[in-house]
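Taking it in order: structure first as structure tokens, then the write-up.
Not measured: the values here are computed from a predicted model. Basis for what follows: all heavy atoms, side chains included, without hydrogens, waters or symmetry-related copies.
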Amino acid sequence: MNCNMKTFKTILLMSLIAMATISMAQSKRMMKDGDRKEEIEAMKVGFLTKRLSLSPEEAKTFWPVYDLYQNELNKIRETRRGEIKDAKKDLMEMNDKDVEKIVDNEIAFRQNELDIMKKYHSQFKQVLPIKKVAILYRTEEDFKRELLKKIQERRNGMGDRKDSPPPGDKE
């Protein structure tokens with residue numbers, strides 16, 4: 001009995017250590033993902049600021065509106081990410097009703113995204129000249145392309161340099 005109790009305690013202790021290690025690894029990964037999101041957001045703000053050439057007055061009125069816009073978009077995108085994770089099955093193996101739901105949800109997401117863009121478009125026009133609004137939309141697309149290019153370079157082993165400039169900055 002004493003030997004069994006010792007074995008049980010050893011197994012329990014090892015299990016607790018393993019769970020703590022896994023939990024710490026997950027926390028580090030989540031923190032890393034959060035840090036990465038913050039880093040990308042900071043890069044985006046710099047990219048937009050540089051391209052838009054905002055005056056101090058424009059910046060004061062633009063950024064609060066833009067932050068609300070991004071928060072609304074991020075909220076529906078987060079919901080969509082959850083739905084996409086649930087629908088990662090092979091479409092050919094799913095029944096028609098489930099596939100139809102996935103497609104309908106995608107169309108609804110795009111409509112929601114468009115509705116948010118339309119809502120904030122009128123607000124952007126109130127705080128920026130129309131040419132800067134046009135530059136904003138183009139710059140957002142340019143940033144996405146630059147970011148995707150950087151991600152692809154890192155995956156191919158070319159973007160590991162710490163001194164590489166953020167998207168849009170030229171050395």
- Query: Does the side-chain contact (heavy atoms from CB on, under 4.5 Å) test come out yes or no for L48 and K44, once each step is laid out?
  - Reply: CA-CA 6 Å; L48 290 173; K44 184 176 184 181; 4.1 Å; yes
- Message: Run the side-chain contact (heavy atoms from CB on, under 4.5 Å) test on R138 and R51 for me, step by step, so that the C-alpha distance in whole Å, both residues' side-chain angles and the decisive distance to 0.1 Å come before the verdict.
- Response: CA-CA 10 Å; R138 180 175 295 158; R51 292 274 186 94; 5.7 Å; no
- Just do the side-chain contact (heavy atoms from CB on, under 4.5 Å) check on D104 and E100 with the steps written out, would you? CA-CA 6 Å; D104 289 348; E100 183 177 14; 3.6 Å; yes
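Aromatic pair F124/Y69: ring centres closer than 6.0 Å.
Atom CD of Q111 is separated from atom CD of E113 by 10.5 Å, given to the nearest 0.5 angstrom. To the nearest 0.5 Å, atoms CG (L68) and CD1 (I116) are separated by 11.5 Å. Note: I151 CD1 to I40 CD1 = 5.5 Å, rounded to the nearest 0.5 Å.
Considering only heavy atoms from C-beta on, N105 stays 4.5 Å or farther from R80 through its side chain. Between V127 and E58 there is no side-chain heavy-atom pair separated by less than 4.5 Å. Residues L136 and K132 are not in side-chain contact: their nearest non-hydrogen atoms beyond the backbone lie 4.5 Å or more apart.
Listed by chain and residue number, H121, I130, V133 satisfy the side-chain contact (heavy atoms from CB on, under 4.5 Å) test with K125 (two or more places apart in sequence, or in another chain). Residues satisfying the side-chain contact (heavy atoms from CB on, under 4.5 Å) test with N74, not counting sequence neighbours, are Q70, R77. Residues satisfying the side-chain contact (heavy atoms from CB on, under 4.5 Å) test with K149, not counting sequence neighbours, are E146, E153. Every residue meeting the side-chain hydrogen bond (donor to acceptor under 3.5 Å, both in side chains) condition with N95, not counting sequence neighbours, appears here in chain and number order: D98. Every residue meeting the side-chain contact (heavy atoms from CB on, under 4.5 Å) condition with E78, not counting sequence neighbours, appears here in chain and number order: R81. A search for salt bridge (charged side-chain N to carboxylate O under 4.0 Å, His left out) contacts involving R110 returns E106, not counting sequence neighbours.
Checked against D142 for a side-chain contact (heavy atoms from CB on, under 4.5 Å), the options R145, E140, K144 give a single hit: R145.
Linking ILVMFWY side-chain heavy atoms closer than 4.5 Å, directly or via other members, places F47 and V45 in two distinct hydrophobic clusters. Tracing side-chain contacts under 4.5 Å through hydrophobic residues (I, L, V, M, F, W, Y), one never reaches M43 starting from L73; they form parts of separate clusters. W63 and I135 fall within the same hydrophobic cluster, where Ile, Leu, Val, Met, Phe, Trp and Tyr residues are linked whenever their side-chain heavy atoms come under 4.5 Å apart, directly or through other members. Follow the hydrophobic side-chain contacts under 4.5 Å out from Y66 and you reach L54 in the same cluster. Residues V99 and F109 do not share a hydrophobic cluster, clusters being chains of Ile/Leu/Val/Met/Phe/Trp/Tyr side chains in contact below 4.5 Å.
One N or O on the side chain of T79 and one on the backbone of K75 form a donor-acceptor pair closer than 3.5 Å.
Residues A59 and P64 approach most closely at O-CD, 4.1 Å, considering heavy atoms.
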